[in-house]
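What you are looking at is a predicted structure, and each value in this text was computed from that prediction instead of being measured.
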Amino acid sequence: MNTKSANLQEFTLTILGENIPPIRQKVFDSKDFILPGTRIGSENREPKTRKEKMGAWIQAPLSERQIEIMRMMGQPSPFHHFSKAIDTSQLTLSIPHKGIKIRVEDFRKEALKAAPEGTKIGVAFDTYAKAQYDHSYSDLVSDARNKVIARFKAAFAENLDHDRMNDEYHKDKDIFLHYPVWAPESSIKEYKSLAKQGHVYSQYLAGVLLASSAGGYKAESVEYLLMAYENKQPEAMRVLAEFLNFKNDYCGSVQCALLSIDGGDDYSKKIVREVLGNASHQMMQTNHGVVPLSYVIIETLRENGFDSILREHFSELNPDPHPEIRIAGFPKGGRS
């Protein structure tokens, strides 16, 4: 697999009939989602190459019961490690005793603007924080991080696995790979708030819950799952592909599944095959006559930059170019 950063592409995804701002494909090699001490191979060593790291991440628990099951099975829980993953630039700093709040991204711009030319970045941030707020930059960031993590853990404690006897369990289980979970509206609201502060686990959970029965299968989930993917959360794009398949947005689903696969999630190959299999039974009128919807999806993917990913993972689905196909009324999937 090609794993060099220089070869990562930007894609404009079409999801539920709308073009999403360009997104750069991600590789799931972030240490934020690989437990410290993880060992691989017969040499029992830590993963070093990008490809090794892509195979070393583990699934995120979605409830305290799932954490307990991991413990009972002798598996280390990644919960506390994953909880620390934060896009620091999105945090809000609260200045003690001054009633001042400022986003880290904005703070950094102000600090760099005020610093003499040639000042090291870390020195610029700390000097500005002490001069303006009488606190070190690292202390302000640490305090903001700890508050976000504490809020997240309090919300997570409210998550519950769906009972297997509930209709919601069976419906969600037919849609998603992960175990169906429920959370109160207050927790979903908290995850959304924390997601906007760069907390990646919250971004993922907000997306998962909004996409499922707990949140009413809302299109709003797309925003949060894309946030999590941008921060290399390795399951977010798979969940989005599953959600879009459920919403009958077959082309959007395959787009997201292909990005998930190329990032290192092999399970998403099942989604691609399932979606294209279902689409092969639906016919569409094109300028070259009536063809299976699956054929139209593949041609659309090839026209939108997915050629290399198709060649890498589904060479049988990437034949020689065909004459341009014009499509009347390409189905976009649901929007609710």
Side-chain angles (χ1 to χ4, degrees), residues 3 26-41 43-91 104 138-139 141-161 176-179 181 183 187-188 190-209 224-239 260 263-267:
T3 56
K26 303 298 180 182
V27 174
F28 306 143
D29 61 349
S30 172
K31 291 182 179 180
D32 288 334
F33 307 105
I34 301 171
L35 274 176
T38 295
R39 293 292 182 267
I40 63 168
E43 299 173 358
N44 194 35
R45 58 177 175 78
E46 65 176 300
K48 295 181 179 178
T49 68
R50 169 168 274 187
K51 188 172 183 179
E52 289 172 346
K53 292 174 183 177
M54 288 167 69
W57 60 266
I58 57 177
Q59 291 185 325
L62 303 180
S63 69
E64 290 193 332
R65 179 177 176 273
Q66 292 177 26
I67 295 173
E68 186 57 33
I69 289 173
M70 286 181 168
R71 288 174 180 153
M72 290 171 61
M73 296 177 66
Q75 300 174 353
S77 169
F79 175 73
H80 295 293
H81 179 65
F82 288 5
S83 298
K84 298 174 184 176
I86 298 175
D87 176 2
T88 304
S89 68
Q90 301 304 306
L91 281 173
V104 168
S138 60
D139 285 348
V141 170
S142 178
D143 180 65
R145 285 177 58 87
N146 290 339
K147 286 178 179 176
V148 163
I149 293 170
R151 285 172 58 190
F152 167 75
K153 290 182 176 180
F156 189 89
E158 302 294 321
N159 288 13
L160 297 173
D161 286 359
F176 302 105
L177 170 66
H178 63 261
Y179 195 96
V181 292
S187 290
I188 297 176
E190 182 76 318
Y191 293 136
K192 289 164 62 176
S193 173
L194 296 173
K196 298 292 177 65
Q197 291 214 48
H199 190 257
V200 187
Y201 212 149
S202 292
Q203 293 169 352
Y204 176 57
L205 271 171
V208 165
L209 291 163
Y224 295 96
L225 291 170
L226 288 176
M227 279 186 201
Y229 175 74
E230 288 275 20
N231 285 306
K232 294 192 172 187
Q233 207 288 342
E235 300 175 83
M237 196 58 91
R238 184 208 75 225
V239 173
S260 180
D265 176 29
D266 286 340
Y267 177 85

Determine whether [X] and [Y] make a side-chain contact, defined as any pair of heavy atoms from C-beta on separated by less than 4.5 Å.
X	Y	answer
Asp87	Gln197	no
Glu52	Glu46	no
Lys26	Gln233	no
Leu205	Asn159	yes
Val208	Tyr191	no
Lys196	Met227	yes

Find the distance between [atom1] ([X]) and [atom2] ([Y]) and round it off to the nearest 0.5 Å.
X	Y	atom1	atom2	answer
Ser260	Asp266	OG	CG	9.0 Å
Arg45	Ile40	CZ	CD1	4.5 Å
Arg145	Leu91	CZ	CG	7.0 Å
His199	Ser83	NE2	OG	5.0 Å
Ile34	Asp29	CD1	CG	7.0 Å

Of the non-hydrogen atoms in [X] and [Y], which two are nearest, and what is the gap between them?
X	Y	result
Ala183	Leu209	CB-CD1, 3.8 Å
Gly198	Gln90	N-CB, 3.7 Å
Arg39	Asn44	CB-OD1, 2.9 Å
Gln59	Pro78	O-CG, 3.8 Å
Thr38	Pro47	O-CD, 3.4 Å
Leu225	Ala236	O-CB, 3.4 Å

Only pairs under 3.5 Å count here: list side-chain donor-acceptor contacts from residues 65-76, not counting sequence neighbours, and write none if there are none.
unit_1	atom_1	unit_2	atom_2	d
Arg65	NH1	Asp161	OD2	2.8
Gln66	OE1	Leu62	N	3.0
Gln66	NE2	Asp161	OD1	3.1

Taking [Y]'s backbone N and O only, do any of them form a donor-acceptor pair with [X]'s side chain (distance below 3.5 Å, no angle check)?
X	Y	value
Asn146	Ser142	yes
Tyr204	Glu235	no
His81	Lys31	yes
Gln203	Ala195	yes

Looking only at the side chains, is there a donor atom on one of Arg151 and Ser193 sitting less than 3.5 Å from an acceptor on the other?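 Indeed, the side chains of Arg151 and Ser193 share at least one donor-acceptor pair under 3.5 Å.
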Among Phe28, Phe82, Tyr229, Trp57, which residue satisfies the ring pair (Phe, Tyr, Trp, His ring centres under 6.0 Å) criterion with Phe33?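 Option passing the ring pair (Phe, Tyr, Trp, His ring centres under 6.0 Å) with Phe33: Phe82.
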Applying ring pair (Phe, Tyr, Trp, His ring centres under 6.0 Å), can you list everything that pairs with Phe79, at least two apart in sequence or on another chain?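 Phe79: ring pair (Phe, Tyr, Trp, His ring centres under 6.0 Å) contacts with Phe152, Phe156, Tyr201.
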Counting only heavy atoms not in Lys84 (residues, nucleotides, ligands), do more than 12 fall under 6.0 Å from its NZ?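 Open.
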Residues Asp265, Met237; criterion side-chain contact (heavy atoms from CB on, under 4.5 Å); working and verdict: CA-CA 9 Å; Asp265 176 29; Met237 196 58 91; over 6 Å; no
